[in-house]
Amino acid sequence: MLGKSKPTPTTTTVETQTAKIGTIIGPGAIFKGDISAPEAIRIDGTLTGNCDCKANLILGTEGQIKGNIRAQNVILSGKVVGDVAASGKLELLATGKLSGNITARSLVIDEDAFFDGRCAMVTNHAAALELEEEEPPKAEDKTETEAKSNSKSDDLDKY
């Protein structure tokens, strides 16, 4: 124990993975169309289209995306109009604005950030993909759900 150094942890975090950015859309650049990349993407310009990234997506403070995002981890400092699906962590920083729905395993929203939409928390990547492909519930399914919730509220009235 004495004199032995402890091994350093080898966990990868969002911060260490951001050093491996493979695609950059720089400030002032305008990209129209869908983009897909196996490595991390950083966007400081404007993207009009969907973004599918196998690693991390970083949106800078001047960056804008009008389309849906799918990535492992997402860091938003700019503006997004569209849905975001993160199989890992989604961070909406103080300068970030998101108008759309979120599907993520982990979510951090800083004070002063803007979010308008719905959020679904999932436990793994497969569940995130399933949620996106599901159809909305049919009218008959809603009535069953409403009936169940009404019976639960009746049970609460007994107390």
Side-chain angles (χ1 to χ4, degrees), residues 5-139 141-142 145-146 149:
S5 62
K6 294 183 181 180
T8 58
T10 58
T11 59
T12 37
T13 63
V14 173
E15 290 80 20
T16 59
Q17 292 177 2
T18 57
K20 303 173 188 172
I21 296 173
T23 304
I24 298 174
I25 298 177
I30 299 172
F31 186 91
K32 293 183 181 179
D34 296 345
I35 187 169
S36 179
E39 297 176 329
I41 299 174
R42 179 173 178 101
I43 299 174
D44 291 309
T46 301
L47 169 65
T48 303
N50 299 324
C51 182
D52 189 3
C53 181
K54 303 295 181 218
N56 301 323
L57 174 93
I58 302 152
L59 182 65
T61 55
E62 298 299 316
Q64 295 183 24
I65 298 176
K66 294 176 186 169
N68 298 329
I69 299 169
R70 285 172 60 133
Q72 182 178 0
N73 297 303
V74 180
I75 301 171
L76 300 177
S77 297
K79 182 179 178 181
V80 175
V81 177
D83 297 341
V84 178
S87 59
K89 185 177 189 179
L90 169 63
E91 293 182 65
L92 186 56
L93 303 180
T95 57
K97 294 174 175 48
L98 172 59
S99 181
N101 299 324
I102 294 173
T103 304
R105 187 174 52 85
S106 175
L107 175 65
V108 176
I109 301 178
D110 285 354
E111 188 175 352
D112 294 331
F114 175 83
F115 169 55
D116 180 24
R118 302 180 107 197
C119 179
M121 303 300 290
V122 295
T123 56
N124 61 33
H125 182 66
L129 297 177
E130 287 173 14
L131 280 176
E132 290 178 359
E133 295 171 1
E134 272 185 21
E135 292 182 17
K138 297 177 184 173
D141 293 341
K142 278 188 175 179
T145 306
E146 289 172 0
S149 67

Fill in: With sequence neighbours excluded, residues passing side chain to side chain contact (heavy atoms under 4.5 Å, CB included) with A37
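With sequence neighbours excluded, A37 shows a side chain to side chain contact (heavy atoms under 4.5 Å, CB included) to T23, I41, given in chain and number order.
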Response to the item:
Contacts of K54 meeting side chain to side chain contact (heavy atoms under 4.5 Å, CB included) (sequence neighbours excluded), chain-then-number -> D52
About how many Å separate [atom2] of [Y] and [atom1] of [X], when rounded to the nearest 0.5 Å?
X: N101; Y: D83; atom1: CG; atom2: CG; value: 4.5 Å
X: S106; Y: E91; atom1: OG; atom2: CD; value: 8.0 Å
X: K97; Y: S77; atom1: NZ; atom2: OG; value: 11.0 Å
X: F31; Y: T46; atom1: CZ; atom2: OG1; value: 12.5 Å

Discussion item. Any heavy-atom pair between the side chains of T103 and V122 that's under 4.5 Å?
Written reply: yes
Worksheet item: Can you check whether L57 reaches I65 side chain to side chain, under 4.5 Å on heavy atoms?
Response: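 The answer is yes; the side chains approach within 4.5 Å.
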For the student: nearest non-hydrogen atoms of [X] and [Y], plus distance:
X: A104; Y: L90; value: CB-CB, 4.2 Å
X: M121; Y: R105; value: CE-O, 3.4 Å
X: G82; Y: L98; value: O-CD1, 3.6 Å
X: I109; Y: F115; value: CD1-CD2, 4.3 Å
X: A40; Y: A55; value: N-CB, 3.6 Å
X: A29; Y: I25; value: CB-CG2, 3.8 Å

Practice prompt. With sequence neighbours excluded, give me every side chain to side chain donor-acceptor pair (under 3.5 Å) pair touching residues 27-45.
Written response: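 Output for this query lists R42-D44.
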Worksheet item: Would you say Q64 has more than 12 foreign heavy atoms packed within less than 6.0 Å of its CD?
Response: yes
Fill in: Result of checking I43, N73, I21 against I58 for side chain to side chain contact (heavy atoms under 4.5 Å, CB included)
I21
Worksheet item: Checking N68 side chain against N50 main chain: does a donor-acceptor pair fall under 3.5 Å?
Response: no
Worksheet item: Does any pair with a residue in residues 108-118 pass salt bridge (charged side-chain N to carboxylate O under 4.0 Å, His left out), and if so which ones, sequence neighbours excluded?
Response: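 Pairs touching residues 108-118 that pass the test: none.
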